[in-house]
Q: 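A single structure is presented below for examination.
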Amino acid sequence: MIDPKLLRSDLDAVVANLSRRGFSFDVARFEQLESRRRDIQVETQAFQTERNASAKNIGQAKAKGEDIQPLLDAVASLGDKLKAAEESLAEVQGELESMLSGVPNLLHESVPAGKDEDDNELVRTWGEPRSFDFNAKDHMDLGADGSIDPDMGAKLTGARFVVLNGEIARLHRALIQFMFDLHTQEHGYQEVWVPYLVNEDSLRGTGQLPKFAEDLFALKGEREFYLIPTSEVPVTNFARDRIFESGELPQKFVCHSPCFRSEAGSHGRDTRGLIRQHQFEKVEMVRLEKASDSWEALEELIRNAETVLQRLELPYRVVNLCSGDIGFGASKTYDIEVWLPGQEKYREISSCSNMTDFQARRMLARSREGQSKPELIHTLNGSGLAVGRTLIAVMENYQNADGSIAIPEALQPYMGGLEKILQPS
RNA sequence: GGAGAGGUGGCAGAGUGGUCGAUUGCGAUGGUCUUGAAAACCAUUGAACCGUUAAAAGUUCCGAGGGUUCGAAUCCCUCCCUCUCCGCCA
């Protein structure tokens, strides 16, 4: 949620910023709601003041043994008036709330203008796409021996689910361990393990609800739990309803979890292979930062994610998402796109965002220096990396003409020293 | 699943339906004293909203949501969470 005070004090700037996303803010409706809110709130509080005062008087009169009936008569109608006022206040506040919760975050000035992913700004590239002296296969062909089994996934569950077997399943697991060790031992992140089911409050805190409910898997039954779409949700919500004292920030977490996404609205896209699954693994970095430190933290975060690919010697590029492509809650996002020989394309493998105070405001996550007033913190998150897509990248970039796959040096310790897998028998 | 006990400010822990946003202790911050520190003493010390140049004043919040009442931390209902014992279980 953006700062409602900013909407009152500097509406034009907010509207201009939002229009860069192509979001048109209904100024007339907002101002109408806001002025109604103010009138009703003043009225309600006046009634409350009156109620408090009269209740106090009655109490004192009663204590002295006086006749309180006249006092009771005097406030007879107050209750109904107050109740009506409180109800309409709740109503107008609810309308404002739902209006504001649909407003995306303000963009950082460095976010390039643009309509879609074609307008993203290239920040840097690393490594050279390898040239093959044979026809490079994609990961599905490489795993066609049953290592990657979409039919079994479909049988067990449905479309966009998959079973991994043998050495490929092990490689998948090795990637997770490798990423964890890198981020904890070299980048200073604290390893955490979290629930994969969360409540509504947590999803509200990070912004998936109320607007993006259709992207989530929800549990049936008496409890309203949701499967997490990313461990950003539980980990960032550590900060919900908290005030961090000076010295407690920054906090840097790394977490691995399965991620569950309904992929509503992406029918027909990336139907082949592991690119877009309903269930995938992700190693996620989450940072809780003082507001003044968050932009520097974003640069470090993206470098931390890039290091994974550098160690795996996978070519990639970094792009600065344009105003039309950036996510709802982010103020600025860098994507890392890894080279996939099977598609001869760079494909997203990590997304690192500074959410500024957007999530913190919803969560009431604050920090305090000494005795000063609490201020909202900034939250950041970035994949480090999406494991399934990293698996694809390793398979496709390290493939040999005979269909076997070399293991990147950095991963060999995690593969029991194996240098090659899927060797033809 | 069964039985019981609880959820109050950073922490601990009081609170007969009425001067209770809440006694007290600890902690923290400032001050007195001291060469300095400790101790002692004094003072300050929750958050959100609204509002203001800044204040003040005002409203709300005692797990959450409803209800009763002129008035609710206190009474009633529903839900959530924690703890103890029993049962079952990875």
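Each chain gets a letter, A, B and so on, in the order its sequence line appears, and its residues count up from 1. In this text, all values refer to a predicted model and were calculated from it rather than measured experimentally.
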Q: Output all residues satisfying salt bridge (charged side-chain N to carboxylate O under 4.0 Å, His left out) with A/E263, sequence neighbours left out; order by chain, then residue number.
A: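 Applying salt bridge (charged side-chain N to carboxylate O under 4.0 Å, His left out) to A/E263 gives A/R276.
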Q: Could you tell me how far B/U23 sits from B/U32 if I compare only their P atoms? Round to whole Å.
A: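 Per the computed distance, 28 Å lies between those P atoms.
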Q: For nucleotides B/U69 and B/A64, find the distance between their P atoms and express it as a whole number of Å.
A: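 To the nearest whole Å, 23 Å.
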Q: A/D80 has an atom CG; how far is it from atom C1' of B/U69, in whole Å?
A: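 Going from CG in A/D80 over to C1' in B/U69 covers 13 Å.
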Q: Nearest whole angstrom, please: distance from the C1' of B/G51 to the CZ of A/R37.
A: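 Distance, rounded to whole Å: 11 Å.
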Q: With C1' as the reference atom in both, quote the distance from B/U24 to B/C80 in angstrom, rounded to an integer.
A: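 B/U24 and B/C80 have their C1' atoms separated by 31 Å.
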Q: Given side chain to side chain donor-acceptor pair (under 3.5 Å), test A/S202 with A/N199 step by step and report yes or no.
A: CA-CA 6 Å; A/S202 293; A/N199 59 31; 3.3 Å; yes
Q: Return one dot-bracket line describing RNA chain B 5' to 3' (Watson-Crick or G-U wobble pairs, both distances under 3.5 Å; ( ) same strand, [ ] crossing, | another strand, . none).
A: ((((((((.[[[..)..(.....]]]((((((.......))))))((((........)))).[[[[[..)....]]]]])))))))....
Q: Go nucleotide by nucleotide along RNA chain B from the 5' end; which of A/P374 and A/Q60 gets its closest nucleotide reached first?
A: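 Taking each residue's closest nucleotide, the earlier one in sequence belongs to A/Q60.
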Q: Nearest whole angstrom, please: distance from the P of B/A28 to the CD of A/E248.
A: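 One finds 15 Å between P of B/A28 and CD of A/E248, rounded.
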Q: Nearest whole angstrom, please: distance from the P of B/U19 to the CG of A/N57.
A: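 Going from CG in A/N57 over to P in B/U19 covers 13 Å.
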Q: Tell me: CZ of A/R366 to P of B/G46, nearest whole Å?
A: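 Between P of B/G46 and CZ of A/R366: 14 Å.
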Q: Using the C1' atom on both, measure B/G58 against B/U52 and round to a whole Å.
A: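 B/G58 and B/U52 have their C1' atoms separated by 13 Å.
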Q: Please tell me if the side chains of A/N354 and A/H108 come closer than 4.5 Å, counting only heavy atoms from C-beta onward.
A: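 Answer no - side chains too far apart.
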Q: Does a nitrogen or oxygen in the side chain of A/R8 sit under 4.0 Å from OP1 or OP2 of B/C50?
A: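 Yes, such a contact exists.
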Q: What integer number of Å spans the P atoms of B/U74 and B/C83?
A: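 Each nucleotide's P atom is 25 Å from the other's.
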Q: Could you tell me the separation between the CG atom of A/L72 and the P atom of B/G71, rounded to a whole number of Å?
A: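 For the pair A/L72 CG and B/G71 P, the rounded distance is 10 Å.
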Q: Has the side chain of A/K56 got a donor or acceptor atom sitting under 3.5 Å from an opposite partner on the base of B/G18?
A: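 Per atom types, no contact qualifies.
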Q: When the distance from CD of A/E34 to C1' of B/C49 is rounded to whole Å, what number comes out?
A: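 Interatomic distance, CD of A/E34 to C1' of B/C49: 12 Å.
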Q: Checking salt bridge (charged side-chain N to carboxylate O under 4.0 Å, His left out) between A/D270 and each of A/R160, A/R347, A/R389, which is the one that passes?
A: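 Output: one option passes, namely A/R347.
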Q: So, do A/L227 and A/L216 sit near enough that their side-chain heavy atoms are less than 4.5 Å apart?
A: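 No, every pair of side-chain atoms sits at 4.5 Å or beyond.
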Q: What's the closest nucleotide to the A/L364 side chain, out of B/U19, B/G71, B/A48?
A: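 Of all the options, the side chain of A/L364 is nearest to B/A48.
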Q: Of the non-hydrogen atoms in A/I243 and A/P374, which two are nearest, and what is the gap between them?
A: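 Heavy atoms only, the tightest pair is CD1-CG, 4.2 Å.
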Q: Would you mind classifying the nucleic acid contact of A/R242 as base, sugar-phosphate or nothing, using non-hydrogen atoms under 4.0 angstrom?
A: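 Nothing: the residue A/R242, judged by heavy atoms under 4.0 Å, touches no strand.
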Q: Taking the P atom of each, how far is B/C76 from B/G17, in whole Å?
A: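 Here B/C76 and B/G17 have their P atoms 11 Å from each other.
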Q: Hey, are the side chains of A/H256 and A/M179 touching, using non-hydrogen atoms and a 4.5 Å cut-off?
A: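 A/H256 vs A/M179: side chains apart.
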Q: Let me know the distance between CZ of A/R368 and C1' of B/U29, rounded to the nearest Å.
A: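 Taking CZ of A/R368 and C1' of B/U29, I get 12 Å after rounding.
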Q: Could you run through nucleotides 53-67 of chain B and give me one letter per nucleotide, 5' to 3': B if any protein heavy atom sits under 4.0 Å from the base, S if only the sugar-phosphate is that close, - if neither?
A: -----BSS-------
Q: Using side-chain heavy atoms (C-beta onward) and a distance below 4.5 Å, is A/V394 in contact with A/N397?
A: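 Heavy-atom side-chain distance check fails, nothing below 4.5 Å.
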Q: Taking B/C85 as the reference, what is the distance to B/C50 when you measure between their P atoms (whole Å, please)?
A: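 B/C50 and B/C85 have their P atoms separated by 48 Å.
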Q: If the P atom of B/A55 is compared with that of B/U45, how far apart are they to the nearest Å?
A: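 B/A55 and B/U45 have their P atoms separated by 16 Å.
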Q: Centroid-to-centroid, A/F328 to A/F358, below 6.0 Å?
A: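 That pair passes the under 6.0 Å test.
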Q: Closest-nucleotide mapping onto RNA chain B: is A/K62 or A/S372 further toward the 5' terminus? I mean the 5' end.
A: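 On the 5' side of the pair lies A/K62.
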Q: Within this structure, what is the CG-OG distance for the pair A/L82 and A/S77, rounded to the nearest 0.5 Å?
A: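 OG of A/S77 is found 11.0 Å from CG of A/L82.
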Q: Under 4.5 Å between any side-chain heavy atoms of A/Y316 and A/V318, yes or no?
A: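 Yes - at least one pair of side-chain heavy atoms lies under 4.5 Å apart.
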Q: Nearest to the side chain of A/K5, which nucleotide is it out of B/A48, B/C50, B/C70?
A: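 That would be B/C50.
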